[in-house]
Amino acid sequence: MKSKPIKTTMRTDDTLPTYYVNSVNIQAGLDDFFLTFGTAQPLNIQVDTDLSTIESIDAQALFRCAVSRSMMKQIIDLLTPLYATQTQQIEEFQSLQRRGEDYDHTSSDPSEL
């Protein structure tokens, strides 16, 4: 029997929760990567001296997954151009914002901008 690659399609599930993540821990095994995603809450710092006493912030782990080495390579390959495109779009948007700030916005006539 001849083998062929079979494409996987992701079925969406409206009940699947979405978590905001601002902390990740990655551990590598021999054949897998273990990713733990979590959220660290901002600290309420009252005085500058409070900051000097802080050594770490606890993040609440939300979920952990194991990713095979081959899947991790695919993720990296997919994310690299997406990240580059997103960065380019952000830079273009910021550039447009800076150019807009250079103009005098007192006129209501767009042709004078």
Side-chain angles (χ1 to χ4, degrees):
M1 179 183 284
K2 188 176 175 182
S3 68
K4 69 173 190 168
I6 299 174
K7 180 180 176 181
T8 301
T9 56
M10 187 69 64
R11 293 177 40 183
T12 59
D13 181 355
D14 292 339
T15 64
L16 185 67
T18 299
Y19 297 103
Y20 173 77
V21 174
N22 62 5
S23 180
V24 64
N25 178 279
I26 302 172
Q27 297 175 319
L30 187 57
D31 294 322
D32 298 305
F33 292 88
F34 300 92
L35 291 80
T36 304
F37 295 92
T39 300
Q41 299 296 323
L43 298 175
N44 184 10
I45 299 174
Q46 301 297 326
V47 221
D48 289 342
T49 54
D50 288 350
L51 189 57
S52 64
T53 62
I54 299 170
E55 295 184 24
S56 66
I57 298 173
D58 291 335
Q60 176 62 51
L62 299 172
F63 64 95
R64 177 179 300 123
C65 61
V67 179
S68 69
R69 181 174 163 76
S70 62
M71 178 56 65
M72 183 59 83
K73 175 73 169 115
Q74 291 177 36
I75 291 170
I76 292 168
D77 291 346
L78 287 169
L79 282 177
T80 299
L82 288 174
Y83 184 85
T85 299
Q86 183 187 51
T87 300
Q88 179 184 7
Q89 290 171 341
I90 290 169
E91 290 169 352
E92 289 172 1
F93 179 72
Q94 290 171 342
S95 176
L96 287 172
Q97 282 185 318
R98 284 190 296 274
R99 279 191 262 155
E101 292 170 359
D102 292 341
Y103 293 108
D104 179 17
H105 294 290
T106 58
S107 172
S108 61
D109 183 358
S111 65
E112 295 179 20
L113 293 178

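Interatomic distance, CG of Leu96 versus CZ of Arg99, reported as 5.0 Å (0.5 Å rounding). Interatomic distance, Met71 CE to Asp32 CG, rounded to the nearest 0.5 Å: 12.0 Å. Separation of atoms CZ (Phe37) and CD1 (Ile26) is listed at 7.0 Å; rounding is to 0.5 Å. The structure places CZ of Arg11 at 12.5 Å from CG of Leu16, a figure rounded to the nearest 0.5 Å. Separation of atoms CD1 (Ile57) and CD (Gln41) is listed at 10.5 Å; rounding is to 0.5 Å. In this structure, CG on Leu62 lies 9.5 Å from OG on Ser23, to the nearest 0.5 angstrom.
Leu35 is not connected to Leu78 by any chain of hydrophobic side-chain contacts under 4.5 Å among Ile, Leu, Val, Met, Phe, Trp and Tyr, and they are in different clusters. Hydrophobic clustering, with ILVMFWY side chains joined whenever heavy atoms are under 4.5 angstrom apart, keeps Val24 apart from Tyr83. Ile90 is not connected to Leu82 by any chain of hydrophobic side-chain contacts under 4.5 Å among Ile, Leu, Val, Met, Phe, Trp and Tyr, and they are in different clusters. Phe34 and Phe63 fall into different hydrophobic clusters, defined by Ile, Leu, Val, Met, Phe, Trp and Tyr side-chain heavy atoms under 4.5 Å apart, directly or through other members.
Here the closest non-hydrogen pair linking Asn22 and Thr39 is OD1-CA, 3.2 Å. Of all heavy-atom pairs between Val21 and Gly38, the closest is CG1-O, 3.3 Å. For the residue pair Val67 and Met72, the shortest heavy atom distance occurs at CG1-N, 3.6 Å. The minimum heavy-atom distance linking Arg98 with Glu91 is given by the pair NH2-O, 4.5 Å.
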List the steps, then state whether side chain to side chain contact (heavy atoms under 4.5 Å, CB included) holds for Ile76 with Lys73. CA-CA 5 Å; Ile76 292 168; Lys73 175 73 169 115; 5.6 Å; no
